[in-house]
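Written out below as structure tokens is the structure these notes cover.
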Protein chains: 2
Amino acid sequence: MIAASLLKKYGASKKSFGKNEIIFEEGNLPAHYYQIISGEIKMSNYNDDGREFIQGIFYKEQSFGEPPLFLNQKYPANAIAVEDSELFVLSKSNFMKLLEENPIISIKIIENLAQRLYYKSVMAAEISTHEPEHRVLKLIDHGIAYFNFQKDKNGYLINFTRQQIGDLTGLRVETVIRAIKNLEKKGELQIINRKVYR
Amino acid sequence: MIAASLLKKYGASKKSFGKNEIIFEEGNLPAHYYQIISGEIKMSNYNDDGREFIQGIFYKEQSFGEPPLFLNQKYPANAIAVEDSELFVLSKSNFMKLLEENPIISIKIIENLAQRLYYKSVMAAEISTHEPEHRVLKLIDHGIAYFNFQKDKNGYLINFTRQQIGDLTGLRVETVIRAIKNLEKKGELQIINRKVYR
DNA sequence: CTTATTTTATGATTTTAGTCATAAAACCGA
DNA sequence: TCGGTTTTATGACTAAAATCATAAAATAAG
């Protein structure tokens with residue numbers, strides 16, 4: 001996350017996106033740095049028969065879509081506003097200038113990319129070698145650490161729909177629903193009027 | 001990749017690892033920056049029943065294992081020498097000093113992490129929503145672009161065993177063997193005395 | 001407040017990759 | 001060069017998640 005003042009100094013503009021509005025699409029060439037002021041953005045892929053895979057969900061103060069920007073490669077996924085959102089948008093050239101002139105920011109970017117790579121490494125191993133229940137639990141535990149789940153008297157409220165969990169773990173909704181039920185039976189989590197707590 | 005001269009200037013030492021020797025293990029706290037001089041290193045996870053998932057394979061002049069180094073987190077996977085290898089090893093503190101004093105290197109690190117994140121994004125979507133043949137082909141095409149596959153008169157020689165392809169795509173050997181056979185039938189690749197060409 | 005849509009839920013069935021068994025070919029080490 | 005290991009190969013069978021169908025509950029929209 002880069003300070004708003006610094007972004008503005010380099011000419012960033014604010015832009016609003018309505019719910020379900022597309023910010024960029026798979027295959028586009030990146031031209032901007034995006035940082036969330038408010039709202040929620042998801043990046044995802046759709047395969048040939050319309051099945052979605054969510055690469056990540058991003059919240060306020062987070063940036064997204066930088067890797068292809070640094071590599072001059074096409075976006076590997078779509079970015080869509082999950083709810084009404086406001087973003088800082090900074091042109092690539094100005095973003096690069098900002099980086100050059102502020103080396104401290106480079107370190108922040110490195111840490112941010114490292115964090116995302118770490119998540120992807122963990123989930124890749126999960127998705128390819130573990131059973132549904134294990135996958136779901138790992139995602140939930142990751143979410144508690146890195147997404148903004150709120151804690152109350154029942155524990156952490158897992159603020160994802162079953163469908164979203166499926167799209168993040170490569171499972172179908174029904175499988176997620178069944179996995180969550182089993183995890184509750186085993187005492188790993190609680191379901192209080194359909195909401196999941198851990 | 002950081003120039004040898006610069007690494008040496010900051011006190012990097014050369015270290016040799018024999019085939020199958022462990023460089024670091026899942027759960028260890030990172031203390032060094034590693035860069036390959038010669039040989040081949042794989043990073044992988046093993047699940048509870050011994051099944052392997054290969055996070056990545058790295059060759060000469062590439063570095064590996066940096067994300068946890070930047071985050072002060074435990075390694076999420078093991079690093080093992082696939083063949084006899086020689087590495088530059090630089091202590092974390094000296095590596096950080098190198099970065100601070102050479103901002104250009106930060107940009108290189110960013111590009112490198114971005115590249116790896118890009119690969120993981122593509123493969124994550126593949127693994128979770130596509131059929132075996134598609135997964136195998138995507139991995140092969142990625143390998144042509146980023147691993148050191150050699151081109152000869154038959155095309156690119158895919159220098160992976162079926163087992164390695166399986167461990168990289170989350171498939172079993174038999175499934176990979178069958179997928180490759182089908183891909184040959186469809187004309188997507190060639191098998192010339194058991195070696196795969198694309 | 002009513003209606004439409006989304007989310008959660010559950011049972012029955014099917015498909016597909018995994019598993020198991022076995023073996024030949026290739027490769028490697030002593 | 002011999003013997004052991006690894007890699008590729010193939011067929012039969014199984015299991016597990018996907019698919020299909022259907023519906024109730026919850027939430028959002030008008």
Side-chain angles (χ1 to χ4, degrees), chain A residues 18-20 40 42 47-54 80-84 126-137 139-140 157-185 189-197, chain B residues 18-20 40 42 47-54 80 82-84 126-140 157-185 189-197:
Chain A
K19 186 175 175 175
N20 295 325
E40 185 180 341
K42 79 171 172 191
N47 77 354
D48 309 327
D49 32 69
R51 179 154 176 211
E52 184 176 18
F53 175 74
I54 300 179
I80 297 169
V82 176
E83 52 185 55
D84 291 354
E126 276 298 319
I127 287 175
S128 65
T129 67
H130 289 90
E131 338 57 78
E133 287 175 35
H134 202 281
R135 289 196 222 178
V136 168
L137 207 55
L139 177 77
I140 286 174
L157 169 62
I158 309 309
N159 201 18
F160 284 150
T161 65
R162 314 295 198 258
Q163 182 63 62
Q164 282 179 316
I165 293 173
D167 293 341
L168 282 157
T169 54
L171 298 167
R172 311 254 80 162
V173 217
E174 299 94 325
T175 306
V176 172
I177 289 168
R178 286 162 186 150
I180 286 175
K181 290 257 150 114
N182 284 335
L183 287 166
E184 193 201 20
K185 264 183 211 147
L189 34 81
Q190 291 162 264
I191 306 174
I192 299 167
N193 62 12
R194 297 180 156 212
K195 292 189 190 311
V196 180
Y197 291 86
Chain B
K19 186 175 175 176
N20 294 325
E40 185 179 340
K42 79 170 172 191
N47 78 353
D48 307 329
D49 33 68
R51 180 155 177 209
E52 184 176 17
F53 175 74
I54 299 179
I80 297 170
V82 176
E83 51 185 56
D84 291 352
E126 276 297 318
I127 287 175
S128 65
T129 66
H130 289 91
E131 339 57 76
E133 288 176 34
H134 203 282
R135 289 195 222 178
V136 168
L137 207 55
K138 199 84 177 188
L139 177 77
I140 285 174
L157 169 63
I158 309 310
N159 201 17
F160 284 151
T161 65
R162 315 290 199 264
Q163 182 64 63
Q164 282 179 317
I165 294 173
D167 293 341
L168 283 157
T169 54
L171 298 167
R172 312 254 79 163
V173 215
E174 300 93 325
T175 306
V176 173
I177 289 169
R178 285 161 186 150
I180 287 175
K181 291 257 150 117
N182 284 335
L183 287 166
E184 193 200 21
K185 263 181 212 149
L189 35 81
Q190 291 161 264
I191 305 175
I192 299 168
N193 62 10
R194 296 177 158 214
K195 293 191 188 313
V196 180
Y197 291 87

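Throughout, protein chains are lettered first and strands after them, A, B, ... in sequence-line order, and every chain is numbered starting at 1. Computed from a predicted structure; not experimentally measured.
- For B/P132, counting side-chain heavy atoms from C-beta on, the closest listed nucleotide (C/dA25, C/dT8, C/dA17) is C/dA17.
- Residue-level contact check: A/R162 touches the backbone only, with heavy atoms under 4.0 Å from sugar-phosphate atoms and none from bases.
- A heavy-atom distance below 4.5 Å is found between the side chains of B/I192 and B/Y197.
- No donor-acceptor distance shorter than 3.5 angstrom exists from the side chain of B/D84 to the backbone of B/G18, with no hydrogens or angles considered.
- Defining each end axis of the helix from C/dC1-D/dG30 to C/dA30-D/dT1 as the rotation carrying four pairs' C1' atoms onto the next four, with five pairs an end, the two axes are found to diverge by 70° to 10 degrees.
- Contacts between residues 170-178 of chain B and DNA chain C, defined by a heavy-atom separation below 4.0 Å, involve B/G170, B/L171, B/R172, B/E174, B/T175, B/R178, listed by number.
- Here the P atom of nucleotide C/dA9 and the CG atom of A/N193 are 10 Å apart, to the nearest Å.
- If you take CD of A/E184 and P of C/dT10, they are 11 Å apart, rounded to a whole angstrom.
- Atoms CD1 (B/I165) and C1' (C/dA17) sit 17 Å apart, rounded to a whole Å.
- Looking only at side-chain heavy atoms (C-beta outward), A/F160 and A/V176 stay at 4.5 Å or farther from each other.
- Taking side-chain N and O atoms only, A/K181 has a distance below 4.0 Å to OP1 or OP2 of C/dT10.
- A/D167 places its CG atom 13 Å from the C1' atom of C/dT7, with the value rounded to the nearest Å.
- Between the side chain of B/R162 and the backbone N or O of B/R178 there is no donor-acceptor pair closer than 3.5 Å.
- Here CD of A/E126 is found 9.0 Å from CG of B/N47. Values are rounded to the nearest 0.5 Å.
- Residue whose closest nucleotide on DNA chain D sits further toward the 5' end, between A/R194 and A/R135: A/R135.
- Note that the CG atom of B/L157 and the CD atom of B/Q190 stand 11.5 Å from one another [nearest 0.5 Å].
- The side-chain contact (heavy atoms from CB on, under 4.5 Å) test applied to A/T169 returns A/M123, A/R135, A/L139, A/I165, A/L171, not counting sequence neighbours.
- As rounded to whole Å, 14 Å separates atom C1' of C/dT19 from atom CD of B/Q163.
- Between B/E131 and B/K19, the one whose closest nucleotide on DNA chain C sits nearer the 5' end is B/E131.
- Protein atom NE2 of A/H134 is 16 Å distant from nucleotide atom P of D/dA16, rounded to whole Å.
- The listed nucleotides are C/dA24, C/dT7, D/dA18; the one nearest the side chain of A/R51 is D/dA18.
- With rounding to whole Å, A/D49 atom CG is found 14 Å from C/dT16 atom C1'.
- Contact check for B/V136 versus B/T175: no side-chain heavy atoms found under the 4.5 Å cut-off.
- B/L168 approaches B/I127 most closely through the heavy-atom pair O-CD1, 3.9 Å.
- Rounded to whole angstrom, the span from the CG atom of A/N159 across to the P atom of C/dT7 amounts to 12 Å.
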